[in-house]
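None of these values were measured; they are calculated from a predicted model. Indexing begins at 1, ligand by ligand and atom by atom, following the structure's order. These values consider heavy atoms only, across backbone and side chains, with no hydrogens, waters or symmetry-generated copies.
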Amino acid sequence: MGVLSDRSRSTGRAASLLGLRPKLRPKPRPLRWLFALALWLIASTTQAIQEVRIGVLSHRGSELTLEHWQPTADYLTQVLEGYRFTILPLPFARISEFVEMEFVDFILVNPGIYVDLEVRYGIARLATLNNRFGDLSLNHFSSVIFTRHDREDLQSLADLAGTSFLAVDETSLGGFEMAWDELLRQGVNPYRDFSRLEFAGDHDSVVLAVGRGEADAGTVRTNILERMASRGLIDLEEFRVLNPQPQDRFPLVHSTRLYPEWPFSRLSHTPNELAQRVALALLNMPPDHPAALAGDYAGWTVPLDYQPVHDLFRRLGLPPYAQGFTWVDVLRRYPLGVAATLALLLLLATLAYRIHGLHRQLQGAKSRLEAQHLLILNSVADGIYGVDRQGLSTFVNRAMTEMTGWSAKEMIGRNQHELLHYRRADGSAFPASECPVLITCQDGKARHVPEDLFWRRDGSSFPVEYACSPLRDARGQIAGSVVVFRDISARKRHEEQSRRQQRDLIHQGRLDTLGAMAAGIAHEINQPLTAIAASAQACLRLLDNAPEADPSGRLSDTLATIALQAQRGGEIIRQLRQFVKKEEPVRTWVDVNDLVRQAAVLIRPEAERLGVQFLTRLSPGLPPVRVQEIQIQQVLLNLASNALEAMADAGAAAPCLIIGTGLGHADEVEVWVSDTGPGVSADLRTEVFQQFVTTKPQGMGLGLSISKGIIDAHGGWIELAETGSMGSRFRFILPIQGG
Ligand code: ADP
């Protein structure tokens, strides 16, 4: 829509370029059409002079472009009444944008750009430029590849491999593309074989830079060197043209094939009538018209055939014939960029690999630390667990799982108080508000609880001692607490044993006192008993002499009984005195049957009191054993009294206690004590000989362990030979050799 804008708009040349640029941004089409409509209305109502823009490739800079071409625009303004033509210098990079935006109505560009715009935007050539060289008029042009004259080493295009090269622009036909094609033909790929390929932006800069030695060689379109020389900018002698083409019709030195000169084209939106009038005006322009002289050209000719340019672009794979942009193209065109990108990618990959390695190392270190941490936690015999502020378990160690029966999986995330701590020893509820662990989570104070109770998964409990310490996060805030606890069952058992031993010691002391007193009492009782027995005997003798005093004999019988019982009482007292008196640790040879008989004296009264039948089965002719008599009697008394108590407690139907002796298998004497009681309870059978094992409320659990100690000391052994609901039989063996 560039054509036909209002004459009242700013028409200053620089201002038109600079001032209009911002408006070149694409606008939504409906708005643009509205805008066009408004302008058309204004134009048609005011009969305004219509402005026409001619975009010109400014390959030699904006100033020069305006200087060269504005006179041509003025010529057209002059010839075409009602229009005003202005020149818009366009840099290579912005041409497509201006055409696409329809911001120009005509365009004068090199043939290379022309063929691209022709295919992409449908522009159409109206005339081809007749270039001027001296008196000659040239409508073809070519490219010059040159170096400094003093570069003896650069004689042909092939010599350029490995050198630095300067061209005008990647899209400049005469300033690069023709040379590119020619170089390829000679085996030099500009994108691969030059040490450096750069673009200066305009022709003059290329010539000047090569002249200064900033590049080894360069290329510009034909006629540039000569024009610059004529303006005194360079000395042609300082340059040497490479690959000069054999003399042909073309009078200027050149390095490549010839291509038709720049075409003057209309855009697809440009009105036909205007295009025809412009074409006519150009073709009619005399070669020596001031405008042609100012533009350094010699008028215009009918549009030439641009097929050679199409062919060139096909060979080079350039738009509009680009085969898609391949990686090879990228590499060829931007080797440095690709190298830099690859280097960056390599750097990034190396960094990523290194970071990955570090990450793995860190992960490994973390895992090792965690494993160590776990190992330490799990190797501690005490239970350890952590809770968060809500009392939910965050970690537990192995000892804890073993002590409580809960697995770590079951505990983590659950409220520890509800799992372990919900009841007190007496079975009453333990409120969470009083739980020391939870209180520590709130007040952050460490606590030591000397005795408490934890509950196992199976509902049983065990006594514990524990310490809870607050757990703080990185900011020092309380995050929960850590509890270290110990099962104190063994300690409590030990304490109980100590207490019991203490009690037993006191009891033993009392027994000792009683024993000492018993000796005296026995002595005192023995006197009257002896007197009673003696008196009864005396009375019997008296009655023997006076039988009439007791005709029925009943008095004599009674007196005999008194004498017998007094003797028996005396015997018991004597045995008792013997038993409680302090014995010297001396072993003597005795008949074990005698020991049983002596013990029986003390056992029988108790058996009778309890209604138990007491029998002895003594094997005659046993060999003597060498023992501490009182100790063996003590064993017999212990075994007998256990049997009596068992039968009495169980209310046995026909209670019977038998002590028997016999000869063992080898040289040994066997003594056994059997009863008809309920038998030793099943859970005690293996440990009845251990200290403090008892089932009796008042029992001390020492009788059998003392007995075992005595028999062991005599070189014999004692066992629970039989036990069951029919009764028990304990037996001990004494070696004949005396142990
Ligand atoms: P105590 O008599 O003080 O309990 P002991 O060491 O003499 O201590 O006996 C240990 C336990 O062995 C007794 O409490 C009892 O349960 C069991 N016991 C010993 N002898 C018999 C028996 N003849 N019949 C049944 N149980 C017995």
Which atom pairs, nitrogen or oxygen on both sides, join ligand 1 and the protein at under 3.5 angstrom?
residue  : atom   : partner : partner atom : Å
ligand 1 : 2 (O)  : Asn642  : OD1          : 3.1
ligand 1 : 2 (O)  : Lys696  : NZ           : 2.7
ligand 1 : 3 (O)  : Met700  : N            : 3.0
ligand 1 : 3 (O)  : Gly701  : N            : 2.9
ligand 1 : 4 (O)  : Thr694  : OG1          : 2.6
ligand 1 : 6 (O)  : Gly703  : N            : 3.4
ligand 1 : 6 (O)  : Leu704  : N            : 2.9
ligand 1 : 7 (O)  : Asn642  : OD1          : 3.3
ligand 1 : 7 (O)  : Asn642  : ND2          : 2.9
ligand 1 : 7 (O)  : Leu704  : N            : 3.4
ligand 1 : 14 (O) : Thr694  : OG1          : 3.4
ligand 1 : 14 (O) : Thr695  : N            : 2.9
ligand 1 : 14 (O) : Thr695  : OG1          : 3.3
ligand 1 : 16 (O) : Thr695  : OG1          : 2.5
ligand 1 : 23 (N) : Asp675  : OD2          : 2.9

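Between Tyr422 and Trp455, the ring planes lie tilted relative to each other; the angle falls in the 30° to 60° range.
The side chain to side chain donor-acceptor pair (under 3.5 Å) pairs that include a residue from residues 546-556 are Asp550-Ser556, where partners are two or more places apart or lie in different chains.
At a cut-off of 3.5 Å, with distance as the only test, no side-chain donor of Arg414 or Ser393 sits close to an acceptor on the other residue.
For Asn526, there are no side-chain hydrogen bond (donor to acceptor under 3.5 Å, both in side chains) partners at least two apart in sequence or on another chain. For Arg472, the salt bridge (Lys or Arg N to Asp or Glu O under 4.0 Å) criterion is met by no residue, not counting sequence neighbours.
Taken to the nearest 0.5 Å, the NE2 atom of His356 stands 14.0 Å off from the OG1 atom of Thr350.
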